[in-house]
Amino acid sequence: MWIDRLILSELRQAAASFPVVLLTGPRQVGKTSVLERTFAECSYVSLDTAANAEMADTRPEDFLRLHQPPLVIDEIQYAPAFFRAIKSHVDANRGRHGLFILSGSQNFPLMQAVADSLAGRAAVLPFHGLSYEEWAIAWQDRSDWREFIFRGTFPRLWDDPDHPVSRSRWYQGYTATYLERDVRNLLNIGNLRDFERFLRACAARCSQTLNMSELGRDVGISATTARQWVSVLTASNVLFLLEPYYRSLGKRLAKAPKMYFTDSGLASWLMGFQNAEALWASPFAGALWENHVIGQWLRWRDWRQPTASLWYWRDQGGNEADLLIECDGRLHAVECKLTEKPEVRDAKGLQKCASFYGDDLVASLSIACTAAAPYQISPRITVRDGRTTWRLGE
């Protein structure tokens, strides 16, 4: 079953405006399918094949003679030297757009190559698994948000409603493939079993402030190694780090970021849950709900409002706003609560944040919960459906 993705119009617009378009995101989120469907008129080649990657990296002229633009190239990170050939071809064909449509799974090497060779020539679009909005439209009456968060956002888990793939087997294979391919390419890890344990330790701290010393101690590695491994997970788009908000470098209220998974299903699988009922009855339910809400706003920023910034806020007294959305010079504070009927006391952190920065900066206060429709619980605080995003300022 094909699920329409919200990023399609942005992709077409970028290809009409830039000579190079780069779609970057985790493995198995549908990058290849989206590019093949959106740019069906272009030739396609994957650098997942060793022979193709070797030719592109060492014999770029031969590669371009064999595969002429406009061209879709999948897994471009396997041929980092090819970016120079792309630059030369683009410069020799000034004024032409949509020459190279690229995809890749490793953010750090990709962005380094883009910065070195394609600055000003490439539009970079981050891609993620399914948003709740995309999934709910496709599944309609069969939609169950609890099952969606538990099962995850990878399209393969939802493409056959009548014969669904085994979630446990799929994540087992996904994790093994990710460990073998991406991790070994990015970092020399001697014991992959330790790294898998590290993944599970990260999942247990989903939606929490990141403490490298504690994380490393639980797995039996140093804080320095934990920091390196977190960088691998963020570079591979498995983790997303939400930084604390501060108006100046000298007035930071919190220093450590909060850690989230870009896919809630992977987090719940790593936590060890085999069915949705057990997850939602567990102490981890609130953390997975917060992870889901943050993930929806991450997709909103990357797909619809790339100039916006996402933060969290916490003062020295422990008062916290789970999410601050900075857009057009104003802040929109959000608290995540796994309940259908939150109370005013649930917004204590929001009120502290608004008091700290003032009404001129803080434009709105919202509680993202499971309520079906928005309503006010105070003149300034709005209860909203956190399963998806909403229009800021309404």
Side-chain angles (χ1 to χ4, degrees), residues 25-28 77 105-109 112 129 149-150 152-154 167-244 252 254-275 278-279 281-292 294-295 298 312 314 318 320 322:
R27 289 189 178 277
Q28 296 295 317
Q77 74 271 6
S105 305
Q106 296 170 2
N107 216 14
F108 179 74
Q112 186 175 27
I149 296 175
F150 164 75
T153 65
F154 290 102
R167 167 186 173 273
S168 295
R169 291 295 184 190
W170 192 89
Y171 277 115
Q172 184 181 43
Y174 180 85
T175 305
T177 302
Y178 163 69
L179 289 172
E180 289 293 334
R181 298 178 68 179
D182 286 356
V183 171
R184 283 186 172 174
N185 286 333
L186 285 171
L187 194 62
N188 183 22
I189 295 177
N191 192 333
L192 287 177
R193 184 169 297 178
D194 283 349
F195 191 80
E196 185 172 355
R197 289 175 54 233
F198 183 78
L199 276 172
R200 296 185 184 278
C202 288
R205 290 165 175 78
C206 176
S207 304
Q208 296 181 20
T209 304
L210 182 56
N211 186 313
M212 296 294 183
S213 297
E214 290 183 0
L215 188 58
R217 185 166 57 248
D218 286 354
V219 184
I221 59 176
S222 68
T224 299
T225 300
R227 187 172 291 105
Q228 292 175 334
W229 289 5
V230 166
S231 72
V232 170
L233 292 167
T234 54
S236 299
N237 301 288
V238 173
L239 291 183
F240 168 67
L241 301 183
L242 188 67
E243 299 291 340
R252 182 179 298 196
K255 294 182 179 181
K258 293 180 70 174
M259 181 170 59
Y260 299 93
F261 278 71
T262 56
D263 176 67
S264 59
L266 177 59
S268 69
W269 181 79
L270 289 169
M271 290 175 183
F273 291 104
Q274 298 301 309
N275 61 78
L279 167 63
S282 77
F284 292 98
L288 261 295
W289 171 253
E290 181 178 333
N291 193 99
H292 169 78
I294 302 299
L298 176 64
Y312 81 95
R314 180 185 294 137
E320 180 177 316
D322 292 328

Donor + acceptor pair across side chains of Tyr260, Glu290 (<3.5 Å): yes
Sorted by chain and residue number, the ring-ring contact (aromatic ring centres under 6.0 Å, His included) partners of Phe198 (sequence neighbours excluded) come out as Trp229
Pairwise salt bridge (Lys or Arg N to Asp or Glu O under 4.0 Å) hits with a residue in residues 259-270, at least two apart: none
Leu233 side chain reached by Phe195 side chain, heavy atoms, under 4.5 Å: yes
Contacts of Ser282 that satisfy side-chain hydrogen bond (donor to acceptor under 3.5 Å, both in side chains) - sequence neighbours left out: none
Verify side-chain contact (heavy atoms from CB on, under 4.5 Å) between Arg27 and Ser236, making sure each step is shown before the conclusion. CA-CA 8 Å; Arg27 289 189 178 277; Ser236 299; over 6 Å; no
If the condition is side-chain hydrogen bond (donor to acceptor under 3.5 Å, both in side chains), which residues does Arg197 pass it with, not counting sequence neighbours? Asp194
Which pair of heavy atoms, one from Ala256 and one from Pro244, lies closest together, and at what distance? O-CD, 3.9 Å
Which heavy atom of Ala203 sits nearest a heavy atom of Ala267, and at what distance? CB-O, 3.7 Å
The reported gap from CD1 in Ile221 to CE in Met212 (rounded to nearest 0.5 angstrom) is 10.0 Å
I'd like to check Lys258 versus Leu210 (side-chain heavy atoms, cut-off strictly below 4.5 Å). Are they in contact? no
Atom CZ in Phe240, atom CG in Leu298: separation rounded to 0.5 Å? 5.0 Å
So Leu241 and Val230, side-chain contact (heavy atoms from CB on, under 4.5 Å) or not? Walk me through it. CA-CA 9 Å; Leu241 301 183; Val230 166; 4.1 Å; yes
Nearest 0.5 angstrom please: Leu266 CG to Phe261 CZ, how far? 5.5 Å
What residues form a side-chain hydrogen bond (donor to acceptor under 3.5 Å, both in side chains) with Ser222, not counting sequence neighbours? Thr225
Which residues share a salt bridge (charged side-chain N to carboxylate O under 4.0 Å, His left out) with Arg217, sequence neighbours left out: none
Side-chain ion pair, Lys255 and Glu243, N-O less than 4.0 Å: no
With sequence neighbours left out, the residues meeting side-chain hydrogen bond (donor to acceptor under 3.5 Å, both in side chains) with Arg169 are Gln172
Main chain of Asn275, side chain of Arg167: is a donor-acceptor contact present, judged purely on distance under 3.5 Å? no
Distance col, row Asn291:CG vs Met259:CE, nearest 0.5 angstrom, shows 10.0 Å
Show every side-chain hydrogen bond (donor to acceptor under 3.5 Å, both in side chains) that has at least one partner inside residues 206-216, sequence neighbours left out. Thr209-Arg314
Residues passing the side chain to side chain contact (heavy atoms under 4.5 Å, CB included) test with Ser168, sequence neighbours excluded, are Ser166, Trp269, Gln274
Separation between CG (Leu288) and CG (Leu279), nearest 0.5 Å, reads 5.0 Å
Any heavy-atom pair between the side chains of Ser268 and Ile149 that's under 4.5 Å? no
Run the ring-ring contact (aromatic ring centres under 6.0 Å, His included) test against Tyr174 and tell me which residues pass, sequence neighbours left out. Phe154, Trp170
Check: Thr262 side chain, Asn237 main-chain N or O, donor-acceptor pair, under 3.5 Å: yes
